[in-house]
Amino acid sequence: MGNVELTINGVRVEADSGSTIMDAADKAGIHIPRLCHHPRLSMQGACRVCIVEVEGVRNTVASCCYPVRDGMVVRTHTPEIQRLRRDIVELLLDNHPSDCNTCERNGNCELQRLASAMGIRERLFAGERKRYEKDLSSPSVIRDPEKCILCGRCIRVCGEIQEDAALSQVYRGFDTVVMPAHNAGFMETVCVSCGQCINVCPTAAFLEKDATAPFMKAIADPDTIVVSQMAPSVRAAIGECFGLQPGRAWEGQCFAAQRALGIDYVFDTQFSADLTIMEEAAEFVAKVKAGGPLPNITSCCPTWVKYAEHFHPDMLKYLSSAKSPMSMQGALVKTYWAEKMGVDPDRIFSVAIMCCTCKKFEATRPELHVDGRAAVDAVLTTREFGWLIKHMGIDFFNLPEEEPDSPLGSSTGAGVIFGATGGVTEAALRTAYWMLFDKDLPKEAIEFKAVRGMEGVRVATVDFEGLKVKAAVAHGLANANRVLDRLRGGEEFHWIEVMGCPGGCIGGGGQPYAGAYAVPLDEAMLLCRSCALYDLDAARTLRLSHANPDIQGLYRDYLDKPMSHRAHELLHTHYYARVPFGIRPQEAQL
Amino acid sequence: MAYRREVLDTPDWWRELDEYINDQREKNRGHVQSALIPVLHHVQDRYGFIPDKAINHVAQALGVPTSYVCGVASFYSYFSLTPKGSFTVAVCLGTACYVQGSQAVVDEFSRRLGIRPGETTADGLFTLVEARCLGACGQAPVVMVNDEVHAAVTPEQVPNIIAHYTALAPREPASSNMA
């Protein structure tokens, strides 16, 4: 890869010989409009919005997939190119519902922004419009093909980042539709509800299933006791719903906002994150002492669990039986807390505010019900939470910083970092060490920096008084496959953490849409969000789950000890192979 | 030859398909996905269409995600995802045939069979399709019924063609249990 020199709009630009015109222009600070292109996905060249003129080439070329050459002369914004680009975007609009005013992505839509930047102020064409039914079968993700502009980002994120391949383009030409196999509803497919299709979709062809309506109904009913919990990553990203740059947590304001919405008891999923650590670390320590079965594979990510059930049924035996923090919290609210308060669990409406779309699916899993009741009655995404705050006229940034309610609200720094990839591993190792050696790690050894960061797979060996604990951390399901391939190839691990979404929960499918000058899945954005969590952890006095006094109290009063009979009843679950059996795309780039 | 759909979904049928898939896997060693189109051709040739069950089977056998197989099978107009009649009547509407009056021939088939192009008669005997150039322009207008070519067809000959194939039809037009 040598360097080449080319001229873009009269400016001399250096570029790697393997790069595209778009890469070179980006480096030179020239923004070529684009739609189907995504820096983390394969080239598509489908939308033609990024066309440019290259001297000596007869037709315009798509700059996102046209390689640079030495001496190339490129023009990106000539009147002719501007006219063509305008028409290309208008033709997309032509076959798109004109319902921006009532569309959920109004103001957050790349097509809308593009139409504005192209200067489309009147419609010159009037053509046929496609009409399709929505797929409402999934509790997590809605598919609306009428909004689809066939950019193929969803197909690529699903096939390449997640290696799930639930989606494909079907039929041809004007009739092309993005759909799962056999046009089945998502719930009958290998879809794992991760919601990354929602994150990368430039329009509203994918959305989360709304849970605000049942929530508002519960709030309005005076006989219903509404109890909430909130995932760590929500506080790290909520500011983006109000136009802020990522990187700052708004923890106290989030609790105040929940009270302002009318929620009766505001708890925190981080409490149960600490609890998950107690159970999972105890399970891990038991496995280590018994000599297996190892590795212990984490199970707190519902996307990963569903993926393993479809694609890796042979690995289910390694999955920790511990429920996710959300489901543990839900189970405790309707048992421990209801008993403590003397209220009928049927009067409780348990709502979880999550960064995740798959949590909506998790809440419907029958094996997670407690005494015949759903542990969680509604799951709101960060986006839905942000919308509710606006909808109820709450001045978010001027809210006082409040604390969650007791006793299911307190948490340590270990619970906070659950939201970032590697966080569960770090938190669990802190407590596993204590369980094995009956003493805490020295202060300077609390942070396992080796498992932090954005690299797809991180493997670190931690010294446990002579026992070399080998842990692997993967985020994004393709990376999980890489680790499992190594495991099947004979490499030994003690511990494997998998988070389904890039970056972990902070990159979840329910997080705020990327803003006007941001790119979904952008690593810098994900890093900023995770830093917000690590900052919260560093600022905590208590950073070890087992040091949480309310966790200690819960075991003392109710659960006895980790892995006890009662803990098993309430906090552990099981998994089963699912049909259809998943087929990994591997090299099948069709 | 009429499609023998009564043999569909028997163990022999699937065994034969697996043998063919294994052959193709061998031939496309290192790039098994390349076997997809020949395998879909095989299914279509033997059964007249590509049922969902066969798509699932092929996807598993080749290790290509089911959604991608659906994408390929639906992309090419040669492949049909719905059952076709025992006889597929393809009337050429390419330029040469069209100027020789093939539209009237399609219309006559359509009227006599009571179906529009793309549809199949209720008794499962005939599927009518519009073709784009069958490569026999010298014999325009051309009609192909399965693999037999009828040259210089006029609307007046349509009833005879229909009667000829109706007489050849299997006694009990089998309906697929795989559709």
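Treat the numbers as computed from the prediction; the structure is a model and nothing was measured. A, B, ... follow the sequence lines: proteins, then strands. Residue 1 opens every chain. In what follows, every heavy atom counts, from backbone to side chain, and hydrogens, waters and symmetry copies are set aside.
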**Request:** Using a cut-off of 6.0 Å, state whether more than 12 heavy atoms not belonging to A:Lys134 lie near its atom NZ.
**Result:** no

**Message:** Please rank A:Gly582, A:Pro580, A:Ala166 by heavy-atom pairs under 4.5 Å with chain B and give me the top one.
**Reply:** A:Ala166

**Asked** Atom NE2 of A:His182 and atom OG1 of B:Thr66: how far apart are they, to the nearest 0.5 Å?
**Response** 6.0 Å

**Prompt:** What part of A:Ala184 gets closer than 4.5 Å to chain B, counting heavy atoms only: side chain, backbone, both or neither?
**Reply:** neither

**Item:** B:Phe75 side, atom CZ; A:Thr176 side, atom OG1 - distance, nearest 0.5 Å
**Value:** 7.5 Å

**Request:** Give me the one residue out of A:Ile583, A:Leu167, A:Val190 that meets side chain to side chain contact (heavy atoms under 4.5 Å, CB included) with B:Pro65.
**Result:** A:Ile583

**Message:** Around atom OH of A:Tyr132, are there more than 12 heavy atoms from other residues, nucleotides or ligands closer than 6.0 Å?
**Reply:** yes

**Prompt:** Distance from A:Met179 atom CE to B:Ser67 atom OG, nearest 0.5 Å?
**Reply:** 11.0 Å

**Asked** Looking only at heavy atoms, which two atoms of A:Tyr171 and B:Ser74 are closest? And how far apart?
**Response** N-OG, 2.7 Å

**Request:** For A:Tyr575, look at atom OH and say whether over 12 heavy atoms of other residues, nucleotides or ligands are found less than 6.0 Å away.
**Result:** yes

**Complete:** Contacts satisfying salt bridge (Lys or Arg N to Asp or Glu O under 4.0 Å) that involve residues 161-172 of chain A (not counting sequence neighbours) are A:Glu163-A:Arg482

